[in-house]
Amino acid sequence: MKYKYFFAILCSALLFTISSCSKDSEMPIDDNKSQETLRLRDLYATKVQGSWNHVFETELVYLAQTYTFEADGSVKGHVLLRQRHRVMVNGESVLTDWETIDDDDFTGTWDLRYMSSVQKNVLYITSSGYAVNAVIDFIGVDDNILEIKSPLLINDIIKMNRIAAQPEE
């Protein structure tokens, strides 16, 4: 039971860290129209547009992140975080059922920028009502993979997979 509370506190601290103000999470206002930013947008903005998914799963943790980046600069997303525990029952180690820690949708805006203050390309996401306000290191994108520093897993580089567009009926 203590581990359950520890994990919940850890998740809360992680979400607080993501939404807290740090040097890297400040809006890079002065770089909005720099040559580097304009070049970055020209090369990658249309490739970023679309829906992306990433799942991180271990025996005890399940984290699914889905983001849809629209051409108008809006973003919609969903985050699902579940956990379970390994416990002893009659001398045998068993896994508990999954417990949902977080299951939320969010909306907001997105932008690609070069931040001269840290000399990095970033994907900047703002949202209302959820803790995914972040300056995320932008590594690259192609037709199938969006590679970024995870907004939820500290110091993890993730490769998000493009979700194929559903045909309109």
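Excluded from the calculations below are hydrogen atoms, water molecules and symmetry mates; all remaining heavy atoms, backbone and side chain alike, are included.
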Heavy atoms of R162 and G50 approach each other most closely as NH1-CA, 3.9 Å
Sorted by chain and number, sequence neighbours left out, side chain to side chain donor-acceptor pair (under 3.5 Å) with T109 holds for T126
Under a side-chain separation threshold of 4.5 Å, the hydrophobic residues clustered together with W98 are V55, Y62, L80
Here the gap from M115 atom CE to E36 atom CD, rounded to the nearest 0.5 Å, amounts to 13.0 Å
In this structure, OH of Y114 is separated from CZ of F138 (nearest 0.5 Å) by 14.5 Å
Besides I139, the hydrophobic cluster formed by Ile, Leu, Val, Met, Phe, Trp and Tyr side chains linked at under 4.5 Å, directly or via other members, contains I157
In this structure, CG of L38 is separated from CG of L112 (nearest 0.5 Å) by 11.5 Å
Separation between NE2 (H78) and CG (D105), nearest 0.5 Å, reads 5.5 Å
Sequence neighbours excluded, the answer for salt bridge (charged side-chain N to carboxylate O under 4.0 Å, His left out) partners of E147 is none
Sorted by chain and residue number, the salt bridge (charged side-chain N to carboxylate O under 4.0 Å, His left out) partners of E92 (sequence neighbours excluded) come out as none
Okay, side chain of W110, backbone of E70: is any donor-acceptor separation there less than 3.5 Å?
-> yes
When every non-hydrogen atom of R86 is compared with those of E59, the smallest separation belongs to NH2-OE2, 2.7 Å
Is the number of heavy atoms from other residues, nucleotides or ligands under 6.0 Å of Q35 CD greater than 12? no
The side chain to side chain donor-acceptor pair (under 3.5 Å) partners of S74 (sequence neighbours excluded) come to D72
Residues passing the salt bridge (charged side-chain N to carboxylate O under 4.0 Å, His left out) test with R39, sequence neighbours excluded, are none
One should read off an interatomic distance between I148 CD1 and L146 CG, to the nearest 0.5 angstrom, of 5.0 Å
Cluster membership besides V94, Ile/Leu/Val/Met/Phe/Trp/Tyr side chains within less than 4.5 angstrom, sorted by chain and number, is V87, V89
Sorted by chain and residue number, the side chain to side chain donor-acceptor pair (under 3.5 Å) partners of N53 (sequence neighbours excluded) come out as T66
dist S127:OG -> D104:CG (nearest 0.5 Å) comes out at 10.0 Å
Sequence neighbours excluded, the answer for side chain to side chain contact (heavy atoms under 4.5 Å, CB included) partners of N161 is I145
S51 meets the side chain to side chain donor-acceptor pair (under 3.5 Å) criterion, sequence neighbours left out, with T68
- [ ] Kindly say whether L95 contributes a backbone atom to a donor-acceptor pair with the side chain of H85 at under 3.5 angstrom?
- [x] no
| Do other residues, nucleotides or ligands put more than 12 heavy atoms under 6.0 Å from D142 CG? | yes
Here the pair of heavy atoms bringing V135 nearest to Y124 is CG2-CD1, 3.1 Å
For F69 and L123, the nearest pair of non-hydrogen atoms, with its separation, is CZ-CD2, 3.8 Å
Those residues at least two apart in sequence (or on a different chain) that pass salt bridge (charged side-chain N to carboxylate O under 4.0 Å, His left out) with R41 are D111
* Using a 4.5 Å cut-off on heavy atoms from C-beta on, say whether the side chain of Q65 contacts that of S150. => yes
